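Report on the following structure.
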There are 2 protein chains.
Amino acid sequence: MATGRTHRPATRGRGIPEATVARLPLYLRALTALSERSVPTVSSEELAAAAGVNSAKLRKDFSYLGSYGTRGVGYDVEYLVYQISRELGLTQDWPVVIVGIGNLGAALANYGGFASRGFRVAALLDADAGLAGRLVAGLPVRHIDELEAIVADNQVSIGVIATPAGAAQEVTDRLVAAGVTSILNFAPTVLSVPDGVDVRKVDLSIELQILAFHEQRKAGEERQDPDGDVPAVMPA
Amino acid sequence: MATGRTHRPATRGRGIPEATVARLPLYLRALTALSERSVPTVSSEELAAAAGVNSAKLRKDFSYLGSYGTRGVGYDVEYLVYQISRELGLTQDWPVVIVGIGNLGAALANYGGFASRGFRVAALLDADAGLAGRLVAGLPVRHIDELEAIVADNQVSIGVIATPAGAAQEVTDRLVAAGVTSILNFAPTVLSVPDGVDVRKVDLSIELQILAFHEQRKAGEERQDPDGDVPAVMPA
DNA sequence: ATGTCTTTGTGAACGCGTGCACAAAGATGG
DNA sequence: CCATCTTTGTGCACGCGTTCACAAAGACAT
Ligand SMILES: NC(=O)c1ccc[n+]([C@@H]2O[C@H](COP(=O)([O-])OP(=O)(O)OC[C@H]3O[C@@H](n4cnc5c(N)ncnc54)[C@H](O)[C@@H]3O)[C@@H](O)[C@H]2O)c1
Ligand SMILES: NC(=O)c1ccc[n+]([C@@H]2O[C@H](COP(=O)([O-])OP(=O)(O)OC[C@H]3O[C@@H](n4cnc5c(N)ncnc54)[C@H](O)[C@@H]3O)[C@@H](O)[C@H]2O)c1
């Protein structure tokens, strides 16, 4: 019965479709660039080009937020930056913990784009006692046993997992038990979490395999017909 | 205009839907784990649970590859591993170059899961002359000027970009000009590429923002009604 | 004030992806 | 050889997401 209620019907509530939510950060990035160049307004056409999407889609996306454009003119850049930021919840601070400070975890800790948008690294955690106390990106690595206390003290609701795959589920369970309700998983494993906890995954290996599929397909079509279907009428 | 023809109409040709292609690596991973435990066959129900998907979806996905199951029994693990590997193009070697050997690029170079599935790091490239020759994950960092020669000599068709955002488009153009037709982009920028070149992006910042949106939404609903719509009849 | 011109906001059509539910296939046991 | 039981493969319906195309809105000039 648990699988029955799994996929929530998009983002009903006030009703911003999931696909739209996924594009808002893209728009925000493009708008921020315009804002830095002191551009006052932008049309859906221009902004769509900058974000790499269809302009009708962009307008429909914005229509879910309300009517923030002016016909004949376009959108006010600053106002839109604010509205999208607010909608995404970026006007508040989000404390984040990173678990697993190896190659990847250290790179993530050093990532500047992290802090720039309301995400603050509250702590770096690792099971390796030898790492404890070492400074990474200016922060001391704390032992994993401190997880529960750190999450509680800092009201952390977002956790990033960069441990080996074998440890990911265990770390997840501890994070969730401690109160974390959003997880970004870099380990190549399927995580089980209770209802109400969101998991998003970043999987390099999967991305490469998808590219390989299309690559193989291109190589195949190259010496066959470009439609890739039936060989039809071979020339001679 | 590269942005015009961006989304191809799924994977028509012989016709494996794009959504299915994206799940095949997931199945492959689960199957590989079963294979290592010498499990001979697996039912769609079991495998679906391991991959975290609906069993009907899994069966439909496999049906696009052909009828590889046996009714009343399930799927032969080894056979399926081979079929999916072949379909994804993992039976051949894919030389890959990584451009930008900073925090992230170095972590990627050290990533074990890279080589495990037919992806071979052909070279590490960076614009910083000071890095040239330094060993990262056992490979010497080469100067970016060698890009064209390396791509040609090794027949590289997949490039990974881990440079700062400002350099990503320029690197992309050089990669494409040199013959690369698939790009995995970690830099937070929209890349323009000509038709026939695939780009996939991994964007930590976007993932976090999506999580923040849902997190904010959860926090809001908590103290309102759980349906999130009209406040209806507030209990006094 | 009126007309023109630009650009938004959205109705409507369409296609893809998902999941239910079941008939057909085939294994297994007697 | 037949009955039973398990599990696949898929027809079908439904909902989400995308795109087209256009009416309405408003800026701006005269
Ligand atoms: N390096 C990459 O570029 C890359 C890319 C994609 C995916 N990944 C995945 O990210 C994860 C980390 O990769 P990495 O290269 O940094 O590995 P790594 O071995 O360098 O680092 C893993 C770290 O996790 C710590 N750890 C292990 N068990 C732990 C536990 N139970 N609790 C807390 N910390 C624990 C280890 O002490 C170590 O410091 C792996 O799952 C890997 O598959 C890495
Ligand atoms: N570090 C992370 O966890 C992380 C996460 C998400 C995204 N990113 C993105 O990945 C990219 C790299 O991040 P990083 O933390 O490794 O940065 P970094 O500054 O540590 O490394 C960037 C490297 O790229 C090299 N470089 C610069 N211009 C180049 C060019 N034209 N050609 C070749 N090489 C060039 C630099 O010499 C440097 O070695 C950035 O775009 C960043 O936004 C990083």
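Model, not experiment: these values are computed from the prediction.
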TODO: Any pair with a residue in residues 164-193 of chain B that passes salt bridge (charged side-chain N to carboxylate O under 4.0 Å, His left out), sequence neighbours left out, goes on the list, sorted by first then second residue, please.
DONE: B/Asp145-B/Arg174, B/Glu148-B/Arg174
Open item on the list: Checking A/Ala30 now: which residues fulfil side-chain contact (heavy atoms from CB on, under 4.5 Å) with it, not counting sequence neighbours?
Closed with: A/Leu47, A/Ala50
Open item on the list: Rounding to an integer number of Å, can you tell me how far A/Leu80 CG sits from C/dT7 C1'?
Closed with: 15 Å
Open item on the list: Should the side chain of B/Lys60 and the base of C/dT18 be counted as holding a donor-acceptor pair, with the cut-off at 3.5 Å?
Closed with: no
- [ ] Answer yes or no: are there more than 12 heavy-atom neighbours, outside A/Tyr82 itself, under 6.0 Å from its atom OH?
- [x] no
Open item on the list: Determine whether A/Gln209 and A/Ser205 satisfy the following criterion, side chain to side chain donor-acceptor pair (under 3.5 Å), listing intermediate values before the conclusion.
Closed with: CA-CA 6 Å; A/Gln209 289 175 48; A/Ser205 186; 3.1 Å; yes
Open item on the list: For B/Tyr68, give me all partners under ring-ring contact (aromatic ring centres under 6.0 Å, His included), at least two apart in sequence or on another chain.
Closed with: B/Tyr79
- [ ] Spell out protein contact along nucleotides 25-30 of chain C as letters: B when the base is contacted, S when just the sugar-phosphate is, - when no protein heavy atom is under 4.0 Å; keep the 5' to 3' order.
- [x] B-S---
Task: Contacts of type side-chain hydrogen bond (donor to acceptor under 3.5 Å, both in side chains), residue A/Thr181, not counting sequence neighbours - done: B/Glu215
Task: Counterpart residues, side-chain hydrogen bond (donor to acceptor under 3.5 Å, both in side chains), relative to A/Ser43 (two or more places apart) - done: A/Glu46
TODO: Sort and list the pairs that fulfil salt bridge (charged side-chain N to carboxylate O under 4.0 Å, His left out) and have at least one residue in residues 64-79 of chain B, not counting sequence neighbours.
DONE: none
Task: All ring-ring contact (aromatic ring centres under 6.0 Å, His included) counterparts of B/Tyr27, not counting sequence neighbours - done: B/Phe62
Task: Strand-adjacent residues in residues 50-59 of chain B, judged by heavy atoms under 4.0 Å from DNA chain D - done: B/Arg59
Task: Proximal nucleotide (of D/dT10, D/dG17, C/dG9) relative to the A/Ser63 side chain - done: C/dG9
Task: salt bridge (charged side-chain N to carboxylate O under 4.0 Å, His left out) contacts in which one or both residues fall within residues 51-61 of chain A, not counting sequence neighbours - done: A/Arg23-A/Asp61
Under 3.5 Å, which donor-acceptor pairs link side chains of residues 88-97 of chain A to any protein atom two or more places apart or in another chain?
residue, atom, partner, partner atom, Å
A/Asp93, OD2, A/Arg120, NE, 3.1
A/Trp94, NE1, A/Gly89, O, 2.6

TODO: Please state how far atom CD in B/Glu18 lies from atom C1' in C/dC16, giving the value in whole angstrom units.
DONE: 12 Å
Open item on the list: What contact category does A/Ser67 fall into here, base, sugar-phosphate, or nothing, at under 4.0 angstrom with non-hydrogen atoms?
Closed with: sugar-phosphate
- [ ] Tell me what A/Phe62 touches on the nucleic acid: a base, only sugar-phosphate, or nothing, going by heavy atoms under 4.0 Å.
- [x] nothing
Open item on the list: Using OP1 and OP2 only, check whether a side-chain N or O of B/Tyr75 sits under 4.0 Å from D/dG9.
Closed with: yes
TODO: Rounded to the nearest angstrom, tell me the gap between atom OH in A/Tyr64 and atom P in C/dT10.
DONE: 10 Å
TODO: Under 4.0 Å from any atom of DNA chain D, heavy atoms only: list the residues of residues 39-46 of chain B that qualify, in numerical order.
DONE: B/Ser43, B/Ser44
- [ ] Would you kindly give the CG-to-P distance between A/Asp61 and D/dT19, to the nearest whole Å?
- [x] 11 Å
- [ ] Would you kindly give the CG-to-P distance between A/Asp76 and D/dA27, to the nearest whole Å?
- [x] 13 Å
